[in-house]
Amino acid sequence: MARYTCSFIVSVPSDHLQALLVELLQDCQLDIQYHTAEYIIAREVPGNVPFPKLVTVEVLIDKSKSTETETRMSIVIKNEELPLQLDNYCRQMFEFIKQAIESSRHWHLIESLAG
């Protein structure tokens with residue numbers, strides 16, 4: 001199973017972050033499967049790639065360490081393919097979604113830590 005993680009600190013209150021992330025993930029052609037105020041699961045829509053390559057994105061919003069102006073979040077992007085190549089499909093989607101988060105106009109990125 002391919003799996004990539006990253007953490008971010010963004011300058012947006014945690015109350016607003018969840019809705020902005022849902023919109024961002026939908027803009028990345030992902031279907032929101034489940035979401036709460038602190039957790040989002042999104043999945044790639046079947047049809048464009050073989051089923052084992054379909055990417056699942058999990059986002060955890062850490063409200064325990066958030067302030068009025070900053071929120072920490074972590075993402076996990078994974079699929080069922082074996083990461084036999086460094087530049088596999090899951091890695092490409094990870095880089096695409098990570099770039100979308102880093103360049104979003106809805107917040108200022110304070111810190112990005114790839115895992």
Side-chain angles (χ1 to χ4, degrees):
M1 173 185 280
R3 180 183 180 100
Y4 301 95
T5 63
C6 192
S7 295
F8 303 93
I9 299 175
V10 293
S11 64
V12 65
S14 62
D15 298 350
H16 298 96
L17 184 58
Q18 189 260 3
L20 296 172
L21 282 170
V22 165
E23 181 182 330
L24 182 136
L25 293 170
Q26 289 172 332
D27 289 346
C28 291
Q29 305 305 311
L30 298 166
D31 184 36
I32 306 302
Q33 303 287 306
Y34 177 81
H35 65 89
T36 65
E38 297 176 354
Y39 187 69
I40 303 169
I41 296 179
R43 180 140 191 191
E44 195 171 9
V45 178
N48 295 330
V49 296
F51 189 77
K53 289 188 175 188
L54 291 176
V55 170
T56 300
V57 178
E58 296 180 32
V59 181
L60 178 63
I61 301 168
D62 189 355
K63 289 189 169 197
S64 67
K65 297 180 182 174
S66 65
T67 66
E68 290 182 18
T69 58
E70 294 180 3
T71 305
R72 178 182 294 268
M73 66 175 161
S74 299
I75 62 169
V76 176
I77 298 176
K78 59 187 178 181
N79 69 5
E80 297 297 322
E81 78 176 314
L82 293 174
L84 300 175
Q85 300 173 2
L86 183 59
D87 190 30
N88 58 63
Y89 181 73
C90 190
R91 177 68 177 206
Q92 293 169 3
M93 286 299 292
F94 170 75
E95 293 297 337
F96 173 70
I97 295 166
K98 182 175 173 259
Q99 181 61 41
I101 291 170
E102 290 175 345
S103 62
S104 176
R105 61 181 172 81
H106 295 294
W107 54 69
H108 173 71
L109 181 71
I110 296 172
E111 187 175 353
S112 174
L113 302 167

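Keep in mind it's a predicted model, so treat the numbers as computed, not measured. Below, each value reflects all heavy atoms present in this structure, side chains not excepted, and no hydrogens, waters or symmetry copies.
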_Return the CG to CZ distance between Asn88 and Arg91, rounded to the nearest 0.5 Å._
8.0 Å
*asked:* Quick one, Lys98 and Ile101 - any side-chain contact, counting heavy atoms below 4.5 Å?
replied: no
*Mark yes or no for whether Glu44, through its side chain, and Val55, through its backbone, hold a donor-acceptor pair below 3.5 Å.*
yes
*Mark yes or no for whether Ser66, through its side chain, and Ser14, through its backbone, hold a donor-acceptor pair below 3.5 Å.*
no
*Establish whether Leu21 and Ile110 are linked, either directly or via other cluster members, by ILVMFWY side-chain heavy-atom contacts under 4.5 Å.*
no
*Ser11-Thr69 side chain donor-acceptor pair, cut-off 3.5 Å*: no
*Any donor-acceptor N/O pair, Ser104 side chain to Ala100 backbone, under 3.5 Å*: no
*Between Ile41 and Val57, does a side chain to side chain contact (heavy atoms under 4.5 Å, CB included) hold up when you go through it step by step?*
CA-CA 6 Å; Ile41 296 179; Val57 178; over 6 Å; no
*Under 4.5 Å between side-chain heavy atoms, hopping through other hydrophobics if needed: is there a path connecting Leu109 to Ile97?*
yes
*asked:* If I take atom CZ from residue Arg43 and atom CG from residue Leu25, how far apart are they, to the nearest 0.5 angstrom?
replied: 14.5 Å
*Could you check if a side-chain atom of His106 sits within less than 4.5 angstrom of a side-chain atom of Leu17, using non-hydrogen atoms only?*
no
*Do you reckon Tyr34 sits in the same ILVMFWY cluster as Ile40, going by side-chain contacts under 4.5 Å, direct or chained?*
no
*Does Val76 share a hydrophobic cluster with Ile9, counting links as ILVMFWY side-chain heavy atoms below 4.5 Å and allowing steps through other members?*
no
*asked:* Assess the residue pair Ile61 and Gln18 against the criterion (side chain to side chain contact (heavy atoms under 4.5 Å, CB included)); give the C-alpha distance rounded to whole Å, side-chain angles, the decisive distance to 0.1 Å, and a yes or no.
replied: CA-CA 8 Å; Ile61 301 168; Gln18 189 260 3; 3.9 Å; yes
*asked:* Determine whether Thr71 and Trp107 satisfy the following criterion, side chain to side chain contact (heavy atoms under 4.5 Å, CB included), listing intermediate values before the conclusion.
replied: CA-CA 10 Å; Thr71 305; Trp107 54 69; over 6 Å; no
*Walk me through it: do Tyr4 and Ile75 pass the test side chain to side chain contact (heavy atoms under 4.5 Å, CB included)?*
CA-CA 8 Å; Tyr4 301 95; Ile75 62 169; over 6 Å; no
*Quick one: pull up OH in Tyr89 and CZ in Phe96 and give me the separation to the nearest 0.5 Å.*
9.5 Å
*Tyr39 and Glu58, any side-chain heavy atoms less than 4.5 Å apart*: yes
*Looking at side-chain heavy atoms only, is the closest gap between Leu82 and Met1 below 4.5 Å?*
no
_Inter-residue atom distance Asp87.CG - Glu95.CD, 0.5 Å rounding_ = 9.0 Å
*Just checking, is any N or O donor in the side chain of Ser112 or Glu102 under 3.5 Å from an acceptor N or O on the other one?*
yes
*asked:* If I compare all heavy atoms of Ala42 with all of Leu30, which pair ends up nearest, and what's the gap?
replied: CB-CB, 4.0 Å
*asked:* For a 4.5 angstrom cut-off between non-hydrogen side-chain atoms, does Met93 reach Cys90?
replied: no
*Which atom pair, heavy atoms only, marks the closest approach of Val45 to Leu54?*
O-CD2, 3.9 Å
*asked:* I'd like to know whether CD of Glu111 has more than 12 heavy-atom contacts from other residues, nucleotides or ligands below 6.0 angstrom.
replied: yes
*Asn79 and Glu81 side chains, donor-acceptor separation under 3.5 Å*: yes
_If hydrophobic clusters are built from ILVMFWY residues whose side chains come within less than 4.5 Å, do Leu60 and Phe8 share one?_
no
